[in-house]
Amino acid sequence: MTIAAKGYAAAAPKKALAPWSFERRDPQPHDVVIDILYAGICHSDIHQVRDEWAAGTFPMVPGHEIAGVVKAVGTAVTKYSVGDKVGVGVFVDSCRKCAPCKRGLEQYCCEGMTGTYNDTERDGKTPTQGGYSNIIVTNENYVLRLPENLPMDATAPLLCAGITLYSPLSHWKAGPGKKIGIVGLGGLGHMGVKIAHAMGAEVSVLSHSAKKEADAKAMGADHFYNTSEDGFFEKMANHFDLIINTVSATLDWNKYLGLVGLDGSLVNVGLPEETMPVSPFSLLTNRRSLSGSMIGGIAETQEMLDFCGKHNIVSDIELITPDQINEAYERVIKSDVRYRFVIDMQKI
Ligand code: NAP
Ligand code: ZN
């Protein structure tokens with residue numbers, strides 16, 4: 001029997017989100033049924049509701065930063081029990097056979113990961129629906145265990161914002177002696193500051209105004225730079241070992257590449273609609289690399305959650321009720337979020 005769910009959905013592209021009732025799949029032997037307590041609002045939710053990437057599937061219930069409690073488990077489930085505090089992130093399945101899946105890099109599955117929402121299950125027809133809802137049914141292999149010592153509302157954003165920064169920081173070896181620049185202090189960026197600081201790196205925030213300096217320092221940033229200030233790009237030329245760009249809007253890559261020192265990298269995680277040109281001269285100077293990175297695999301996401309548990313790292317959040325989602329979207333677009341909106345899904 002399917003499970004009745006209540007959510008907030010966009011009925012069509014660019015429409016405001018509104019209450020919507022729908023069905024979750026009949027739980028299978030390896031499925032975990034999760035009562036959703038909290039869901040973070042990621043800028044990717046807004047890009048997809050507004051059809052800024054590709055044509056989406058509507059009605060769309062966004063949400064891929066999910067924290068909840070296990071309500072029931074299928075007969076074959078071994079990893080979780082009723083009452084466990086768990087999370088679901090950006091994907092809920094993958095082919096499980098290809099080389100990336102076998103390496104625990106399910107986000108780079110050769111057949112494509114199954115997105116938590118705005119996608120279809122691997123049966124090729126059932127639409128997936130996300131975390132702005134009260135309940136979800138997920139295969140146990142794609143469920144994460146939340147640290148016991150962290151508050152669940154502020155932990156939810158780790159499931160996307162946290163892992164999206166942890167993975168490149170870890171891959172490009174952020175740590176003592178490394179100068180790291182985080183571009184954009186929003187949901188992703190503020191997690192990057194906290195995680196890079198806990199990894200022991202020297203962290204700078206590169207923000208497009210002066211407004212967030214005190215917050216950045218309180219999060220562990222060693223330095224704060226307002227990129228709109230005259231002469232910033234000349235003054236800081238060749239300075240950084242690693243820059244991670246989290247900005248949701250277009251940037252001039254060439255200016256930011258100019259900040260990268262010998263053998264350093266600019267890693268992009270922001271996903272604006274437009275293509276951005278790169279000059280070959282920006283890359284060959286200092287033997288620089290320009291790369292991208294997408295969330296993280298299940299094992300690495302668990303590693304990140306455990307790391308955050310150990311270092312007491314959570315997101316700075318504003319907790320809202322579901323009827324405030326549309327207003328929250330407007331504030332995210334204006335860079336007026338301190339630093340992640342999280343929806344109290346039990347108030348639906
Ligand atoms: P967010 O909370 O809105 O943060 C984005 C930040 O970018 C803002 O706080 C602002 O920081 C800066 N910014 C915004 N507009 C700008 C502009 N016009 N010029 C310069 N800076 C601007 O968004 P988010 O949830 O962190 O997501 C950021 C991006 O990452 C989105 O495009 C999202 O889709 C993408 N994303 C990617 C992945 C992945 O796996 N790669 C995962 C999740 C999200 P300042 O005020 O400090 O400048
Ligand atoms: Zn996200």
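Just follow the structure's listing: the first ligand is 1, and inside any ligand the first atom is 1. Computed over heavy atoms, backbone and side chain alike; hydrogens, waters and symmetry mates excluded.
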Atoms of ligand 1, numbered as shown, that sit under 4.0 Å from any heavy atom of C160: 42 (C), 43 (C)
4.0 Å heavy-atom contact, R340 with ligand 1: yes
P272 N/O under 3.5 Å from ligand 1 N/O: no
Under-2.8 Å protein N/O/S neighbours of the Zn ion (ligand 2), ordered by chain then residue number: C42 SG, H64 NE2, C160 SG
Contact atoms of ligand 1, heavy-atom distance to S207 under 4.0 Å: 45 (P), 46 (O), 47 (O), 48 (O)
I295 neighbourhood, listing ligand 1 atoms whose heavy-atom distance to it stays under 4.0 Å: 39 (C), 40 (O)
Distance-only polar pair, side chains of D263 and N286, donor-acceptor under 3.5 Å: no
Distance-only side-chain donor-acceptor flag, E106 / Y142, under 3.5 Å: no
Closest contact, heavy atoms only, S167 versus E300: OG-OE1, 2.7 Å
K212: numbered ligand 1 atoms lying under 4.0 Å from its heavy atoms: 9 (O), 11 (O), 45 (P), 46 (O), 47 (O)
Atom 37 (C) of ligand 1 - nearest protein heavy atom and its distance: V269 O, 2.8 Å
Distance filter under 4.0 Å to H43 heavy atoms, resulting ligand 1 atoms: 1 (P), 3 (O), 23 (O), 24 (P), 25 (O), 27 (O), 31 (C)
Option passing side chain to side chain contact (heavy atoms under 4.5 Å, CB included) with P100 (candidates S94, C110, C95): C110
Residue S293 vicinity, atoms of ligand 1 by number, heavy atom under 4.0 Å: 39 (C), 40 (O), 41 (N)
Cation-pi geometry met for K255 and F233 (6.0 Å, 45°): yes
Identity and separation of the nearest protein heavy atom to atom 18 (N) of ligand 1: A249 CB, 3.5 Å
Contact check: C42 vs ligand 1, nitrogen or oxygen atoms, below 3.5 angstrom: no
Geometric class of the Y225/H223 ring pair [parallel <30°, tilted 30-60°, perpendicular >60°]: parallel
Distance-minimising heavy-atom pair for V33 and P27: CG2-CG, 3.7 Å
Closest to atom 36 (N) of ligand 1 (judged by heavy-atom distance), picking from G187, S167, S44: S44
Close side-chain approach of T116 and T128, heavy atoms under 4.5 Å: no
Parallel, tilted or perpendicular: ring planes of F22 versus W20, cut at 30 and 60 degrees: parallel
Atoms in ligand 1 flagged as close to V332, the criterion being non-hydrogen separation under 4.0 Å: 3 (O)
For atom 28 (C) of ligand 1, closest protein heavy-atom neighbour: T246 O, 2.9 Å
N/O separation below 3.5 Å, L251 to ligand 1: no
Top protein contact for atom 48 (O) of ligand 1, by heavy-atom distance: H208 ND1, 2.5 Å
CG (D230) with more than 12 external heavy atoms under 6.0 Å: no
With H171 via ring-ring contact (aromatic ring centres under 6.0 Å, His included) - residues at least two apart: none
Nearest non-hydrogen protein atom, atom 8 (C) of ligand 1: S335 OG, 3.6 Å
Residue-ligand contact W53/ligand 1, heavy atom below 4.0 Å: yes
Taking atom 22 (C) of ligand 1 as the reference point, the nearest protein heavy atom with its distance: V247 CG1, 3.5 Å
Any N or O of H47 closer than 3.5 Å to N or O of ligand 1: yes
Nearest non-hydrogen partners of P62 and Y329, listed with the distance: CG-OH, 3.7 Å
Under 3.5 Å: N/O of L271 near N/O of ligand 1: yes
C308 and K194, any side-chain heavy atoms less than 4.5 Å apart: no
Ligand-side contact atoms (ligand 1) for residue partner L188, heavy atom cut-off under 4.0 Å: 24 (P), 25 (O), 26 (O), 27 (O), 30 (O), 36 (N), 43 (C), 44 (C)
Closest contact, heavy atoms only, Q129 versus V61: OE1-N, 2.8 Å
Heavy atoms from other residues, nucleotides or ligands near CZ of R338 exceed 12 (cutoff 6.0 Å): yes
Joint hydrophobic cluster, M345 plus L146, side-chain heavy atoms closer than 4.5 Å: no
Heteroatom distance test (S209, ligand 1): nitrogen or oxygen, under 3.5 angstrom: no
N/O separation below 3.5 Å, V337 to ligand 1: no
Heavy-atom side-chain proximity of Y132 to P322 below 4.5 angstrom: no
